[in-house]
Structures are given as structure tokens and as C-alpha cells.
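What follows is a single structure, written as C-alpha cells, with notes after it.
Since we're looking at a predicted model, the values are computed, not measured. The basis for the numbers below is simple: all heavy atoms, side chains too, and nothing from hydrogens, waters or symmetry mates. By convention in this document, chain letters (A, B, ...) are assigned in the order of the sequence lines, proteins followed by strands, and residues within each chain are numbered from 1.
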Protein chains: 2
Amino acid sequence: MKTTEQEKLERRANILKALAHPSRLMMVDELAKGERCVCELQELVGADMSTVSKHLAVLKKAGLVESDKRGLQVFYTLLSPCVMNFFTCVESVIEAHTEQTIEAGNR
Amino acid sequence: MKTTEQEKLERRANILKALAHPSRLMMVDELAKGERCVCELQELVGADMSTVSKHLAVLKKAGLVESDKRGLQVFYTLLSPCVMNFFTCVESVIEAHTEQTIEAGNR
DNA sequence: TAACTGCTTGGCAATATAGCCAAATAGCGC
DNA sequence: GCGCTATTTGGCTATATTGCCAAGCAGTTA
């Protein structure tokens with residue numbers, strides 16, 4: 001199974017795409033603290049349970065989380081906490097960009 | 001100017017969304033090596049120049065790159081090389097996920 | 001000014017994503 | 001089995017993204 005450069009990029013992009021949503025980021029952030037059931041995450045993001053479930057499916061498909069059904073509830077776990085490190089970088093982008101935008105008078 | 005938790009998440013998501021495309025990842029990767037003009041990036045990704053230009057506009061809007069017109073050419077620079085660090089994490093997600101998928105017999 | 005180059009923008013069609021409701025599914029207690 | 005709860009899935013519409021072509025625009029050269 002040969003991995004072309006193109007496939008590599010697509011896989012990277014898919015992981016980023018999976019993270020690229022406010023609700024999903026919120027969930028990942030919460031899951032970084034420990035496993036959570038869908039109901040907890042639903043309360044957190046305040047959307048329909050079906051919506052939350054679909055978001056979780058996206059994260060799972062990307063390989064970012066894992067699910068474990070115990071009784072009636074399904075618990076999700078963050079598989080790659082290193083994802084959180086990225087946010088430090090993201091914050092620096094945001095800061096720099098905000099300054100720049102203000103400097104430029106919101107041009 | 002108060003930054004609500006929601007706005008923070010949206011800004012993070014926007015940066016991730018800006019990165020979440022194979023062609024844009026390829027360009028960011030290239031720009032990590034140094035500034036490049038649009039024509040060089042076009043050759044790299046092999047798409048229409050207008051497409052490349054639009055991708056660059058997305059990266060610029062997110063605050064990830066900067067552009068500088070010199071003569072007829074426009075040169076782009078990567079503003080936040082820390083973005084590259086993330087890819088180490090992304091690779092680990094991919095590896096773990098691939099193993100998992102193979103283990104599960106591509107279920 | 002005119003023609004040329006490098007790039008950006010507008011417009012459009014194809015495709016993907018988001019979020020709601022309703023229906024289906026799975027596990028539990030009776 | 002029946003009803004109940006937690007979650008997932010299907011279906012739908014609204015909205016966003018992508019990538020091409022054509023047109024526009026700025027800088028250069030003649």
C-alpha cells in the first residue's frame with residue numbers, strides 16, 4: 001500500500017478539517033480533561049443530540065477520538081492530546097493577526 | 001472589545017479551516033522553506049492560477065501568510081512557522097488511526 | 001499609449017457541510 | 001414482551017467550499 005504525497009496531504013487535511021469547527025473544538029477541549037459521555041458534551045455545546053453525535057462521528061472518523069459504550073451511555077476519549085499543543089500556535093496566529101488588522105485600521 | 005469563549009473557538013476553527021485543504025497544506029509546507037511567488041506555488045500544486053490565488057487569499061485572511069508585491073510578482077511568506085509543529089502531531093494521529101483501522105479489518 | 005505578464009476577482013456549477021426533525025437502534029428495568 | 005433512556009442514522013434544506021473560465025487590474029516594456 002503505497003502512500004503518495006498527495007494522499008498524505010489529504011489525510012492531514014482531513015484531520016484538520018475534522019477539528020475545524022467551533023463545537024468540535026469545544027468538545028476536544030473538554031475531552032482533553034477526560035472521557036465524557038455524549039449527554040455531557042451535548043449540554044456543553046448546547047445543540048441537538050443528533051448534531052453532537054454527528055460531530056463526534058466526524059472526530060472519530062478522523063481518528064481523533066474513540067468511543068466506548070457502557071450501558072446506555074457512550075463515552076468518548078481523546079486519542080491524541082498533542083492536538084492541544086497546536087492551540088498555542090493558533091493563539092499566536094490570532095494575536096499577530098489581530099494586531100496586524102488593528103494596525104491596518106481594519107482595512 | 002470583549003472576546004467571548006464562542007468567538008475564541010470560532011477564530012481557532014477558522015485558522016484550522018484555512019489549513020484544511022491539501023493544496024493549501026502543500027503551499028504552507030513550501031512556504032515554510034522560504035517566500036515564494038504565486039507562479040512558483042502554482043507550478044507546485046498544478047492548479048489554475050486563479051485557484052491558487054484564491055487559496056492564498058484564504059491563508060492570508062486567516063493571518064497565516066503575508067503577501068508582498070514586487071514588480072509583476074507577488075511573494076507570499078509564512079507568518080507562523082509553528083504551524084509546522086502540528087504536523088508531527090497529525091502524523092501520530094494518522095499512524096495510530098491507520099493501525100487501528102487495519103487491526104479492525106477496515107470495518 | 002499599446003501590448004504583455006503576473007495576479008486577482010466575479011460568476012457559475014458541482015460538491016460538501018451543518019443542523020434540525022423524525023425514525024431507528026441498543027441496553028436496561030419491569 | 002413493553003416502556004424508557006441514550007445514542008445513532010436518514011432525510012431534508014440552507015449554506016459554504018471548490019475549481020474552472022473569463023474578465024479586470026497593476027506593473028513593465030516598448
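Two end axes, each from the C1' atoms of five base pairs, can be drawn for the helix from C:dT1-D:dA30 to C:dC30-D:dG1; they diverge by 20°, to 10 degrees.
The side chain of B:Ser53 places no N or O atom within less than 4.0 Å of a non-bridging phosphate oxygen (OP1 or OP2) of C:dC7. Taking side-chain N and O atoms only, B:His55 has no distance below 4.0 Å to OP1 or OP2 of D:dT17.
The interatomic distance linking A:Glu10 (CD) with C:dT15 (C1') rounds to 15 Å, in whole Å. Atom pair B:Met49:CE and C:dT5:P shows a separation of 12 Å (rounding to whole Å applied). Atoms CG (B:Leu59) and C1' (C:dT8) sit 15 Å apart, rounded to a whole Å. Between A:Leu56 atom CG and C:dA18 atom C1' there is a gap of 15 Å when expressed in whole angstrom units. Between B:Gln73 atom CD and C:dC4 atom C1' there is a gap of 14 Å when expressed in whole angstrom units. Distance CG (B:Asp48) to P (C:dT9): 15 Å, rounded to an integer number of Å. Regarding B:Arg70, its CZ atom lies at a distance of 17 Å from the C1' atom of C:dT5, rounded to whole Å. Across the protein-nucleic acid pair, B:Phe75 atom CZ and C:dG6 atom C1' stand 11 Å apart, rounded to whole Å.
Annotation: A:Glu10, atom CD; neighbour count of heavy atoms from other residues, nucleotides and ligands within 6.0 Å is above 12.
Nearest heavy-atom pair across A:Leu25 and B:Leu9 is CD1-O, 3.6 Å.
With DNA chain D read from its 5' end, the first of the two nearest nucleotides for A:Ser50 and A:Leu72 is the one closest to A:Leu72.
The stretch residues 15-44 of chain B touches DNA chain C through B:Cys37, B:Val38, B:Cys39, each having a heavy atom under 4.0 angstrom from the strand.
A distance of 12.0 Å separates CG of A:Asp68 from SG of A:Cys37, quoted to the nearest 0.5 Å.
The same ILVMFWY cluster, assembled from side-chain heavy atoms under 4.5 Å apart, contains both B:Leu44 and B:Leu59.
Between the side chain of A:Arg24 and the backbone N or O of A:Lys17 there is at least one donor-acceptor pair closer than 3.5 Å. The backbone N or O of A:Glu7 sits less than 3.5 Å from a side-chain atom of A:Thr4, completing a donor-acceptor pair.
Backbone-only engagement by B:Tyr76 is indicated by non-hydrogen atom pairs under 4.0 Å involving sugar-phosphate atoms exclusively.
For the pair A:Val52 and A:Ser23, the minimum side-chain heavy-atom distance is 4.5 Å or more. With contacts defined as side-chain heavy-atom distances shorter than 4.5 Å, the pair B:Val28/B:Leu64 does not qualify.
The aromatic rings of B:Phe86 and A:Phe86 sit parallel to each other, their planes meeting at less than 30°, with 60° as the upper class boundary.
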